[in-house]
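A short worksheet on the structure shown next.
Keep in mind that this is a model prediction, so the values were computed, not measured. Both ligands and their constituent atoms are indexed starting at 1 by order of listing.
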Amino acid sequence: MPEATDRGMVPTLNNKGFMSTSLDPVSTAFTIYAGQSDGLSLDLGCAYGIASLTALERGARIVACDMDPGHIQVLLSKTSPDLQGQLSGIVAEMPKIAFQPNSFAAILCSRALHFLIGDHVSETIAAMADWLEPGGKVFLIADTPYTGFWARGAADYEKRKAAGDLWPGFIPDVTVYLPDQARTKAQLRHLNPMDPDILARACKEAGLIVEHADFSGRPDQPDSKTHAGVIAAKAG
Ligand SMILES: C[S@@+](CC[C@H](N)C(=O)[O-])C[C@H]1O[C@@H](n2cnc3c(N)ncnc32)[C@H](O)[C@@H]1O
């Protein structure tokens, strides 16, 4: 695993941002809920598995899934032998992922949905609703339009949201916000940051019952609006 930055952020192997080495409140809620559950729980877009490892220590049985096989290898190698029986790793890419209906008690997707176009966010959350057991919960965190270089576009985002744009944070080409255009060659062009309202709407459209929807900050800036967090349940 690469070294963490001073702020505790570890670069991913596939230029899909950084894994945080500390957990935000919604991810922490997932680890507690999954740890207390008898069923299987899914960590989707797990990177090197910061949330999976904490949930395993709390007694959870985890399916850890990421599009990059290197991330899953690191997670498996970091898992202590006594917890390995509670963990399986899967390489797959949203939205082309299929699990059996009613197979998870809890699903975490932390800071990965904003890499998808809007239709794929909706498709993925609808699939999550199908994969959840009745009464099960999704724990979703997305980067918001108030973080990163694209925070400069936050005022435009608010105008598009007020005008009824379904995905007002969608940035077709992030290079317009980056200082060094050359750095973007290996990076994704688009990004879809979203606020708690947008994430909650996608959950409601998938038939889930929203229990919590709010902003949360990075661990070192807890009061800022860098992340949107939603917890939503499937009817029991
Ligand atoms: C910014 S990191 C977040 C890691 C960790 N969940 C966290 O909250 O710190 C995004 C992770 O999501 C994964 N990811 C991005 N798009 C994905 C997709 N379409 N399907 C599966 N995994 C994806 C990346 O490989 C990366 O490991």
Which protein residues have a heavy atom under 4.0 Å from ligand 1? Thr12, Asn14, Lys16, Phe18, Met19, Ser20, Gly45, Ala47, Asp66, Met67, His71, Ala92, Glu93, Met94, Ser110, Arg111, Ala112, Phe115, Leu116
Asp68/Lys16 ion pair, N-O < 4.0 Å: no
So, Asp24 and Arg111, do they make that salt bridge, N to O below 4.0 Å? no
Between Asp195 and Thr144, do the side chains contain a donor N or O and an acceptor N or O under 3.5 Å apart? no
Using a 3.5 Å distance criterion without hydrogens, assess whether the side chain of Arg160 forms a donor-acceptor pair with backbone atoms of Pro168. yes
Does Thr147 reach the main-chain N or O of Asp143 with its side chain, forming a donor-acceptor pair under 3.5 Å? no
Check side chain to side chain donor-acceptor pair (under 3.5 Å) between Lys234 and all other residues, then give those that pass, not counting sequence neighbours. Asn102
